[in-house]
Structures are given as C-alpha cells and as structure tokens.
Engineer: 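Right, I'll just put the structure down here and ask away after.
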Amino acid sequence: MQRVFSGIQPSGELHLGNYLGAVRNWVRMQDDHDCFFCIVDYHAITQDYEIDKLRSRTLDMAASLLAAGIDPGRAVVFVQSHIPEHTELAWVFTTVTPIGELERMTQFKDKARRQESVLAGLLNYPVLQAADVLLYKADMVPVGEDQVQHIELMREIARKWNIRYREGFFPEPQPAVTDARRIIGLDGQAKMSKSLGNTIGIQDDSEGIWQRLRPAVTDPARVKRSDPGTPDLCNIYSLHRHFSAPDTVDEVATKCRTAAWGCLDCKRILGDNVATTFAPIRERANQLRANPEQVLDVLHEGATRARAVAQDTMQQVRELMGLMPEERTVRRDK
Ligand code: TYM
C-alpha cells in the first residue's frame with residue numbers, strides 16, 4: 001500500500017477551501033492508502049499567533065478532521081509537536097538545503113513581504129514540511145495547489161540527502177491535487193484563506209453561511225439585476241460546481257446568462273447546498289467537542305503509532321550520517 005502524509009495548520013477553523021482542496025481527498029485516500037495526517041502546530045508558530053488559543057485550536061482541528069470523516073481506525077492522526085523527530089530531521093535537512101531555494105518559495109515571499117523583520121522560521125518552513133513527510137517515507141502528499149512548490153523542494157531535499165548519505169533512502173514524494181486545488185475566497189480574488197477573512201467555515205450553520213455568501217463577489221461585469229451574467233467569470237458559479245448537482249449547475253448557468261435569476265437567487269441555492277453538505281460534519285464536530293477525551297485519546301494513539309515510525313527513521317538517519325550513538329560504558333568490576 002502506498003503511504004500518504006499530509007498536514008494542516010491549527011491556525012483557525014477548517015474552512016471550505018481546506019476541505020475541498022485537501023481534507024476531502026484525505027478522507028477518500030484512507031480507503032486504499034496507509035495514511036498519516038498531522039496537525040502541524042510547529043508550522044503555525046512561524047507567524048503571529050495567539051498563545052492562549054493554540055492548544056484549543058489544535059484540539060478543535062483534530063475534532064474537525066474526525067468529523068469530516070478521518071477515521072482513526074484507518075489513518076494515523078496526530079500532533080506534530082508530540083513527535084520531536086520532526087524538528088530533528090528538519091535540522092538535518094537545513095544542512096542540505098540551499099538558502100536560495102527557500103528564498104524563492106512563493107509563500108515565503110508573500111508572507112515575508114507583510115513582515116517588518118523576517119524570521120528564520122518562516123524561511124525554513126518548507127524544510128520542516130519536508131521533514132514531516134520524509135520522516136514517514138511517504139510516497140504521496142494530498143494538498144491544494146499552493147503546496148505543490150513546497151513538495152517540489154521536498155523532492156530536491158530528499159535527492160540531495162540521498163546523494164550524500166544513502167541512495168534511495170528517502171522517496172521523492174508526489175503531490176496529489178484534485179479539481180478543487182485552488183478555491184477562490186468570497187472576495188472573488190485571492191485564494192480562500194483564514195488570514196484574508198474570505199472563508200466559509202465548515203462549522204458555520206445555514207444562517208452563518210448565508211451571512212458570508214450574501215455580500216460575496218460575483219461576476220464583476222454584472223452590475224444590475226437585469227444584466228446577463230457570465231458564469232465562467234463568477235466565483236459563486238465555480239463553487240456551485242463543487243456543491244450542487246449537475247442539473248442545478250446547468251440551470252444556474254442558463255438562468256444567469258439570461259438574467260432570469262439575480263446573484264442573490266443563485267447564492268441562496270448555493271448556501272442551501274453548502275449547508276446541507278456541512279451539517280452532518282458540524283453535528284459530529286459538536287459531539288466531539290463535548291467529549292474532548294475522545295479526541296485526546298485519538299491523538300495519543302496516533303502519536304504512539306507515528307512515534308514508532310519516526311524513531312526508526314531518525315535512528316537510521318543518525319547512523320548513516322555518522323553521528324555517535326549514546327552508549328553506556330561497560331564497567332568491569334575487578
Ligand atoms: P494549510 O494549513 O494552509 O492548509 C491545509 C491544506 O488545505 C489546502 N488549502 C486549499 N486548497 C484549495 N483551495 C484553498 N483555498 C486552500 N486553502 C488551503 C492546502 O493546500 C493544504 O493542503 N504547509 C501546509 C501544512 C503542512 C503540510 C505538511 C502539508 C505542513 N507540513 C506536510 C502537507 C505535507 C499548510 O500550510 O497547509
């Protein structure tokens with residue numbers, strides 16, 4: 001069975017973009033892959049964050065993943081910082097990663113532009129990500145499009161380490177993206193992202209979803225209700241394709257082009273369909289939130305299973321790199 005690894009930051013609640021771009025694919029892959037899913041809290045601290053919320057957000061993300069269909073019976077679900085080998089291998093990888101490669105990462109450039117003083121953790125972010133995946137020698141990484149560049153770098157890191165220390169030791173993992181690889185936010189412009197405030201949360205109820213959708217940007221050329229629209233230029237239409245049945249999608253397109261429906265009519269239907277899709281997830285997440293011990297147990301069990309693999313890889317890495325193992329001196333009593 002091929003091994004799959006993916007991660008998500010506990011930097012806010014699970015949103016529609018994460019769900020369609022990555023998590024829904026994780027759920028599918030559990031059927032026929034050996035899956036590891038990780039809540040990457042060490043990545044989340046590379047940007048400003050609220051210290052007193054990190055813990056609850058981590059637990060909350062775990063509850064959301066389980067509610068979305070991640071099954072701890074078939075996948076290993078754990079928290080990155082519970083396995084110190086992630087940061088250990090990341091350090092090792094910094095010694096084979098050219099700084100120039102890190103500086104040209106799009107996400108780094110975007111985030112660095114918004115900061116007065118750029119910290120080394122932000123630059124090294126993709127090195128830790130490489131360690132996450134390669135520690136488990138995963139073959140496939142289901143992610144959204146924004147992570148593909150990081151996976152290309154990860155492949156290069158694996159190659160460089162292998163050339164220096166042991167040919168074929170680390171695999172070169174492949175990204176697995178879906179047709180929802182880049183969900184645009186409700187501003188109709190940027191990638192849907194918590195930090196931009198252009199999301200629909202997976203926990204939002206139907207009223208909450210409607211409040212988010214109502215002001216969402218549609219086809220910019222459709223100014224008046226009576227103007228015919230161009231569905232292919234409308235982000236709401238592209239969301240319909242992920243949430244509505246094919247005949248509804250066709251009807252939306254026709255009624256938009258002929259101005260038989262206004263944008264609000266179209267959003268109402270989308271809102272109902274999003275709410276229907278997310279309602280069972282929301283209910284399960286609420287149940288889990290009321291029973292945090294259940295989630296903590298899953299994470300404990302996940303860490304135990306992840307640790308066994310991580311320690312084994314790290315021991316081999318240390319050995320291949322010539323690091324001295326800790327040994328007890330044998331005392332010979334005379
Ligand atoms: P994060 O937490 O930003 O996002 C989690 C996953 O959701 C995807 N995603 C999207 N997909 C489509 N459209 C969107 N608008 C959208 N927004 C987010 C992301 O591509 C991602 O797959 N660096 C990673 C976390 C990470 C990781 C890893 C991933 C750390 N280590 C190892 C894979 C393997 C990140 O920031 O994800």
Side-chain angles (χ1 to χ4, degrees), residues 1-9 21-23 25-26 28-40 42-43 46 75-76 78 80 83 85-109 122-182 305-323:
M1 242 200 300
Q2 283 212 309
R3 180 162 288 174
V4 161
F5 184 102
S6 202
I8 188 161
Q9 302 189 67
V23 174
N25 205 16
W26 301 3
R28 288 194 204 116
M29 285 183 141
Q30 304 178 109
D31 293 339
D32 44 13
H33 293 82
D34 178 21
C35 291
F36 285 70
F37 298 125
C38 185
I39 301 165
V40 292
Y42 274 140
H43 278 107
T46 57
V76 178
F78 69 105
Q80 186 185 36
I83 311 294
E85 283 78 7
H86 285 245
T87 44
E88 193 178 352
L89 186 58
W91 174 254
V92 164
F93 284 163
T94 61
T95 66
V96 294
T97 310
I99 291 185
E101 292 295 309
L102 296 172
E103 282 171 341
R104 71 175 187 83
M105 291 291 112
T106 313
Q107 287 217 328
F108 170 72
K109 289 195 281 191
L122 194 62
L123 182 68
N124 283 319
Y125 181 111
V127 182
L128 179 58
Q129 186 162 351
D132 293 340
V133 174
L134 294 173
L135 195 51
Y136 302 91
K137 298 187 179 168
D139 311 289
M140 247 201 289
V141 193
V143 283
E145 191 174 68
D146 59 341
Q147 298 302 314
V148 170
Q149 196 185 35
H150 287 169
I151 296 169
E152 276 158 16
L153 176 61
M154 175 183 305
R155 294 162 59 81
E156 192 180 331
I157 292 174
R159 243 182 341 258
K160 287 204 151 79
W161 192 94
N162 287 351
I163 287 171
R164 183 143 166 66
Y165 298 105
R166 172 61 60 88
E167 214 36 70
F169 184 80
F170 286 118
E172 289 183 32
Q174 294 285 352
V177 293
T178 67
D179 62 343
R181 67 192 70 179
R182 187 165 190 269
R305 289 166 65 193
R307 186 172 296 118
V309 182
Q311 289 185 339
D312 183 46
T313 304
M314 234 11 255
Q315 199 190 321
Q316 295 180 54
V317 165
R318 282 190 224 106
E319 222 173 282
L320 288 166
M321 294 179 73
L323 295 158

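Just so you know, residue 1 is the first one in the sequence shown, and it goes up from there. Model, not experiment: these values are computed from the prediction. Values below: every heavy atom of this structure, side chains too, minus hydrogens, waters and symmetry copies.
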Engineer: Does any part of the side chain of R305, heavy atoms only, come nearer than 4.5 Å to the side chain of F36, both counted from C-beta?
Structural biologist: no
Engineer: List for me each residue that meets ring-ring contact (aromatic ring centres under 6.0 Å, His included) alongside Y165, sequence neighbours excluded, and say none if there are none.
Structural biologist: W161
Engineer: Are the side chains of W26 and C35 in contact, using a 4.5 Å heavy-atom criterion?
Structural biologist: no
Engineer: Can you name the closest pair of heavy atoms from H43 and Q129 and give their distance?
Structural biologist: NE2-N, 3.3 Å
Engineer: Is there a side-chain contact between V317 and F93 (heavy atoms, below 4.5 Å)?
Structural biologist: no
Engineer: Out of curiosity, L122 CG to Q107 CD, how far, rounded to the nearest 0.5 Å?
Structural biologist: 9.5 Å
Engineer: Provide the full list of salt bridge (Lys or Arg N to Asp or Glu O under 4.0 Å) pairs with a residue in residues 164-174, sequence neighbours left out, each pair given once.
Structural biologist: R155-E172, R159-E172
Engineer: Any side-chain heavy atom of E319 sitting closer than 4.5 Å to one from Q315?
Structural biologist: yes
Engineer: Can you name the nearest heavy-atom pair linking S6 to P142, along with the distance?
Structural biologist: OG-O, 2.8 Å
Engineer: With side-chain contact (heavy atoms from CB on, under 4.5 Å) as the test, pick out the partner of D139 among M1, Q2, H33.
Structural biologist: Q2
Engineer: Which heavy atom of G7 sits nearest a heavy atom of V40, and at what distance?
Structural biologist: CA-CG1, 4.2 Å
Engineer: Using the test side chain to side chain contact (heavy atoms under 4.5 Å, CB included), find all partners of T95 that sit at least two apart in sequence or belong to another chain.
Structural biologist: none
Engineer: Spell out, as yes or no, whether a donor-acceptor pair under 3.5 Å connects the side chain of T313 to the backbone of L135.
Structural biologist: yes
Engineer: Using the six-membered ring wherever Trp is involved, compare the ring planes of Y136 and H86 and label them parallel, tilted or perpendicular (cut-offs 30° and 60°).
Structural biologist: tilted
Engineer: Apply side-chain hydrogen bond (donor to acceptor under 3.5 Å, both in side chains) to E85 and list each qualifying residue two or more places apart in sequence or on a separate chain.
Structural biologist: none
Engineer: If I take atom CD1 from residue I99 and atom CG from residue N124, how far apart are they, to the nearest 0.5 angstrom?
Structural biologist: 8.0 Å
Engineer: Side chains of L102 and Y125: does their closest heavy-atom pair fall under 4.5 Å?
Structural biologist: no
Engineer: Are side-chain heavy atoms of Q80 and L128 found at a separation under 4.5 Å?
Structural biologist: yes
Engineer: Please report the C-alpha distance between H150 and F108 in whole Å, then the side-chain angles of each, then the deciding distance to 0.1 Å, and finally whether the ring-ring contact (aromatic ring centres under 6.0 Å, His included) criterion is met.
Structural biologist: CA-CA 10 Å; H150 287 169; F108 170 72; 9.9 Å; no
Engineer: My understanding is that only residues two or more places apart in sequence, or in another chain, count here; which of them pass side-chain hydrogen bond (donor to acceptor under 3.5 Å, both in side chains) with E101?
Structural biologist: R104
Engineer: May I ask you to test the M321-V92 pair for a side-chain heavy-atom distance under 4.5 Å?
Structural biologist: yes
Engineer: Got a sec, which residues hit side-chain hydrogen bond (donor to acceptor under 3.5 Å, both in side chains) with D31, two or more places apart in sequence or on another chain?
Structural biologist: R74
Engineer: Check whether any side-chain heavy atom of P98 lies under 4.5 Å from a side-chain heavy atom of K160, and answer yes or no.
Structural biologist: yes
Engineer: Let me confirm one number: the CE-CD1 distance from M314 to I83, rounded to the nearest 0.5 Å.
Structural biologist: 13.5 Å
